[in-house]
Amino acid sequence: MSSVAHTDSVHSAHVLDEVRIRELFPILAATVGDKPLVYLDNAATTQKPQPVLDTLSRYYAAQNANIHRGVYQLSQNATQAYEDARAKVATFLHAADPAEIIFTRNATEGINLVAQTFGRSTVGEGDEVVISTMEHHSNIVPWQLLCNEKGARLRVVPITDAGELMLDEYESLLGPRTKLVSIVHMSNSLGTVNPVQRVVEPAHGHNIPVLIDGSQAAYHMAVDVQAIGCDFYVVTGHKLYGPTGIGALYGRRHLLDAMPPYQGGGDMISSVTFERTTYNEVPHKFEAGTPHIAGAIGLGAAVDFISGVGFGAIAAHERRLLDHATAALSAVPGLRLIGTARQKASILSFVLDGVHAHDIGTIVDTEGVAIRTGHHCTQPVMDRFGVPATARASLAMYNTTEEIDRLVAALTKVREIFG
Ligand SMILES: *Cc1c(COP(=O)(O)O)cnc(C)c1O
């Protein structure tokens with residue numbers, strides 16, 4: 001895949017070949033009415049490149065068999081492909097051991113798994129779990145459920161007007177009652193990229209494990225779970241240019257070994273009698289039932305694809321788009337950006353004076369431009385900024401400055417209508 005990036009002879013930095021990248025995503029050739037599609041809802045889900053589509057259809061056409069049990073060749077090959085995909089995800093996140101990667105349905109399930117196993121066996125009455133104001137509902141509700149069940153307390157790190165974590169306040173929340181910290185790496189409604197190492201270090205100073213929600217970060221920047229030092233990290237396949245219905249949870253081996261199982265069923269056991277069941281080893285202990293085999297293999301193809309393009313090229317391209325979009329949107333009369341952190345990536349949330357976000361979304365759609373409007377599963381962020389909803393344009397590796405200009409032109413039309 002290195003053919004899609006070429007070396008810039010002047011700066012010897014990798015530059016992304018926009019045209020060739022776009023050709024790999026068949027859906028980008030679609031039209032909406034008579035307008036070419038401009039897809040700017042990548043924070044909700046990204047489109048799928050041909051190598052991922054080919055891997056999925058090849059799997060079902062030529063490789064399909066259930067895994068981990070068959071002695072016949074087809075099943076052994078499927079098992080190998082599934083376990084190879086685990087190793088690819090481990091490499092992608094720089095985990096020390098593929099056994100530290102558990103396949104889940106999505107990031108939401110990864111967080112619920114930690115809440116229901118580590119959380120339920122560790123958090124007791126009067127204990128505390130620390131999250132932040134900018135969390136996705138997926139990183140709020142599982143902890144609320146846990147705290148309600150256990151009589152524990154959810155503590156929330158505040159954020160600044162720019163949408164940055166208040167780190168002093170964060171540190172002052174940590175104490176002997178804190179059993180877990182769970183913080184987003186990159187906010188899906190603000191674009192803020194949090195200094196996750198500076199979240200982990202003080203927590204570890206108190207021996208508190210840290211979960212990082214990497215749903216957004218993992219397709220915009222290289223993630224190294226060992227360098228971050230976190231104890232758990234979750235990703236979701238459909239935002240990584242991979243299939244829906246597959247995600248991954250990274251966990252430190254010694255924590256996973258000590259955690260009780262999540263769901264009971266086939267594959268997660270080593271022996272079963274009516275008197276007593278013993279559990280399989282990590283990671284299988286946490287993968288009850290037939291998993292999303294094709295999804296896992298498709299996710300493996302997706303992370304191969306991303307690595308082939310390279311985060312150097314992806315981040316530089318998306319930085320250029322973000323700078324262009326920030327300047328262009330800021331020049332639209334009556335437009336206010338929500339989320340202006342110094343460290344941010346690929347997301348532009350905004351409100352327009354006198355126009356409800358929903359109307360913005362509907363009108364720009366008539367111009368073929370797909371953006372998201374609403375609370376983006378982060379209602380506390382909307383409350384923090386005193387808005388009911390925002391419009392959000394979110395960028396991926398295949399977007400172009402021309403597409404951003406089409407959004408801006410469509411917003412001009414919105415302003416004309418609402419004059
Ligand atoms: C998308 C997202 C999630 C949830 O992902 P699912 O695939 O729906 O589980 C969680 N956190 C953040 C920051 C997200 O962007």
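Computed from a predicted model, the values in this text were never measured in an experiment. In each ligand, atom 1 is the first atom listed, and ligand 1 is the first ligand listed. Throughout, numbering of the chain's residues begins at 1 and tracks the sequence.
- The closest heavy-atom contact to atom 8 (O) of ligand 1, among the options Thr108, Val234, Ile140, comes from Thr108.
- Of all atoms in ligand 1, listed by their number and element, those nearer than 4.0 Å to a heavy atom of Asn188 are 13 (C), 15 (O).
- Under the 4.0 angstrom criterion for non-hydrogen atoms, Lys239 is in contact with ligand 1.
- Atoms of ligand 1 lying under 4.0 Å from any heavy atom of Ser215, numbered from 1 in the order shown and given with element: 2 (C), 3 (C), 10 (C), 11 (N), 12 (C), 14 (C), 15 (O).
- A heavy-atom separation below 4.0 Å is not found between Asn139 and ligand 1.
- Residue Ser138 places no N or O, backbone or side chain, under 3.5 Å from any N or O of ligand 1.
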Working for salt bridge (Lys or Arg N to Asp or Glu O under 4.0 Å), residues Arg153 and Glu125: CA-CA 8 Å; Arg153 192 166 161 215; Glu125 195 171 339; over 6 Å; no

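- Panel note: side chain Lys150, backbone Arg120; a donor-acceptor pair is recorded below 3.5 Å.
- For the pairing with His375, the ring pair (Phe, Tyr, Trp, His ring centres under 6.0 Å) check across His137, His358, His136 returns one residue only, His137.
- Nearest to atom 11 (N) of ligand 1 among the protein's heavy atoms is Asp213 OD2, 2.6 Å.
- Within the 4.0 Å heavy-atom shell around ligand 1 one finds His238.
- In summary, the aromatic rings of Tyr250 and Phe92 are positioned with their centroids too far apart to meet the 6.0 Å limit.
- Each of the following atoms of ligand 1 lies closer than 4.0 Å to a heavy atom of Gln216: 15 (O).
- If you look at Phe103 and Phe286, their ring centroids are not closer than 6.0 Å.
- Under 3.5 Å, the side chains of Asn399 and Glu403 contain a donor-acceptor pair of N or O atoms.
- Looking at Arg252, its side chain never comes within 3.5 Å of a backbone N or O of Phe232 through a donor-acceptor pair.
- For Ala107, a nitrogen or oxygen atom sits less than 3.5 Å from a nitrogen or oxygen atom of ligand 1, counting backbone and side chain alike.
- Counting heavy-atom neighbours within 6.0 Å of Arg198 CZ, excluding the residue itself, gives a total of 12 or less.
- Atoms of ligand 1 lying under 4.0 Å from any heavy atom of Val184, numbered from 1 in the order shown and given with element: 13 (C).
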